[in-house]
Amino acid sequence: MKNLRLKSARAALDLSQDELAKRCHVSRQTINAIEKGDYNPTINLCVAICKELHKTLDDLFWDPEEEA
Amino acid sequence: MDAYSLGKMTGVTAGLLIGFLVVAVIAVICNKNRKLKTQYDERQQIARGKGFRFGFYSMIAWAVINEILAFGAIELPIEPAMMAFSYIFIGVATDVTYCIFHDAYWGLNNNKMRYLICFLFVAALNVFVVIRTLRSGELFVDGRLGTYGINAFCALLFVLIGIAIAIQMIREKSAGKETE
C-alpha cells in the first residue's frame with residue numbers, strides 16, 4: 001500500500017526523495033520504495049524519517065483504517 | 001608436477017593476489033569517504049542477502065548441469081582449471097545482476113562515475129587480452145578454453161554488469177518521472 005502521508009509530508013517541507021534519503025543515511029531508492037509501499041522500513045528508519053519530517057510515527061506510519 | 005605447471009600455478013595465484021590488491025585500492029579511490037568498506041542501507045542489505053542466495057543457487061544449478069553432462073559423457077570445451085572460474089562467474093554474475101536490478105549494487109558511499117570508469121578500463125583490458133589470445137590461438141588449447149579463459153570470464157562479467165547497469169538506469173529514468 002502506498003504511503004501517501006510520507007510523500008505529502010516530504011513535499012510539504014519541499015524535500016526531494018534524494019535530500020530526505022541523504023538526511024536519513026539511506027539510498028533514494030529506499031525512500032521511493034517506502035513511499036510506493038514496496039518496502040516496510042525498520043522502526044529505526046521510521047524514527048529517523050519522522051525526525052527529519054518533524055512528524056510522529058502515528059502521523060506517517062499508523063493506518064487508522066487497519067485498526068478497525 | 002613439472003616446472004611448467006608449477007610456473008603456471010604460481011602465475012595464476014600471483015595474478016589473483018595482485019587482482020585482489022588492485023580491487024582494494026580501486027575501492028578506496030572510488031569510495032567518497034576513502035574507506036575500503038562500502039556502506040549499504042537496511043533495504044539494500046536485505047536485497048544483497050537475496051542476491052547472494054540466488055548466486056549460490058545458480059552455482060548449485062550449474063554443478064548439477066555439469067554432473068548430468070558428465071553422466072552423459074558430454075564434455076564442455078573448457079579446461080578443468082577453468083571450470084572452477086565458470087562456477088565463480090555464474091555465481092557472481094547472478095548476484096551482481098540481482099543487486100543491480102534491486103538497487104542494492106551501489107553503496108551509499110560509492111562514487112558511481114569513478115567505479116564506472118574503472119569497470120570500463122578493466123573490461124577493455126580483458127577484451128583486449130581475449131582478442132589478442134584468440135588471434136594467436138592461445139585462448140583455446142586443444143579445442144578447450146585455456147588459462148586465458150580467466151580474461152574471457154572477466155570480460156564477459158564486466159560487459160554483463162555494464163548492460164545491467166544501463167538497463168537499470170533506463171528503468172530508473174522512466175520510473176523517476178512518475179515518482180518525483
Side-chain angles (χ1 to χ4, degrees), chain A, chain B residues 27 30-54 94-116 119 161-180:
Chain A
M1 197 170 69
K2 280 187 179 181
N3 193 334
L4 297 172
R5 282 170 294 171
L6 171 58
K7 195 173 182 175
S8 59
R10 173 175 66 76
L13 290 177
D14 205 21
L15 284 175
S16 67
Q17 285 183 342
D18 198 37
E19 283 166 330
L20 179 61
K22 274 180 187 152
R23 288 183 186 194
C24 297
H25 306 290
V26 294
S27 64
R28 186 196 62 77
Q29 289 86 352
T30 297
I31 297 294
N32 186 39
I34 297 167
E35 287 185 358
K36 280 167 68 184
D38 291 341
Y39 173 65
N40 275 329
T42 62
I43 190 72
N44 288 335
L45 182 52
C46 289
V47 170
I49 292 169
C50 287
K51 278 183 181 171
E52 290 303 329
L53 298 179
H54 313 298
K55 296 280 182 186
T56 66
L57 284 168
D58 280 2
D59 290 337
L60 297 182
F61 296 102
W62 190 261
D63 188 2
E65 283 175 19
E66 272 191 11
E67 199 177 5
Chain B
C30 295
N31 281 343
K32 289 172 193 166
N33 55 357
R34 295 278 186 253
K35 281 188 178 167
L36 181 64
K37 203 177 173 198
T38 300
Q39 296 158 346
Y40 300 97
D41 68 31
E42 54 178 55
R43 183 195 58 81
Q44 287 179 313
Q45 281 173 8
I46 293 168
R48 289 180 72 80
K50 280 186 185 172
F52 275 117
R53 206 166 65 193
F54 286 123
T94 309
D95 174 34
V96 166
T97 42
Y98 182 91
C99 288
I100 289 170
F101 289 137
H102 289 82
D103 300 311
Y105 186 67
W106 301 111
L108 302 172
N109 58 339
N110 287 163
N111 184 318
K112 282 188 201 176
M113 197 46 77
R114 283 186 210 157
Y115 267 104
L116 286 174
F119 285 3
I161 289 173
I163 293 168
I165 288 171
I167 292 170
Q168 185 60 10
M169 278 168 81
I170 295 164
R171 279 173 60 184
E172 254 194 35
K173 237 179 188 179
S174 57
K177 283 172 191 165
E178 297 162 22
T179 53
E180 284 283 343

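Residue numbers start from 1 in every chain, and the chains themselves are labelled A, B, ... in the order their sequence lines are given, proteins ahead of strands. FYI, side chains are in, hydrogens and waters are out, and symmetry mates aren't considered; it's all heavy atoms of this structure.
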- For chain A, find its close neighbours in residues 95-102 of chain B: heavy-atom separation under 4.5 Å, sorted by number, or none. none
- Inter-chain contacts: residues 33-48 of chain B against chain A, heavy atoms under 4.5 Å: B:Asp41, B:Glu42, B:Arg43, B:Gln44, B:Ile46
- Heavy atoms from other residues, nucleotides or ligands near CG of B:Asn111 exceed 12 (cutoff 6.0 Å): yes
- Task: Answer yes or no: are there more than 12 heavy-atom neighbours, outside A:Asp58 itself, under 6.0 Å from its atom CG?
- Result: yes
Please list, one pair per line, the donor and acceptor atoms closer than 3.5 Å that link side chains of residues 43-53 of chain A to other protein atoms, with sequence neighbours excluded.
none

- Looking at side-chain heavy atoms only, is the closest gap between B:Asp103 and A:Ser27 below 4.5 Å? no
- Applying a strict 4.5 Å limit to non-hydrogen atoms, the region of A:Ala21 in contact with chain B is neither
- Could I get the full list of side chain to side chain donor-acceptor pair (under 3.5 Å) partners for A:Asp38, not counting sequence neighbours? none
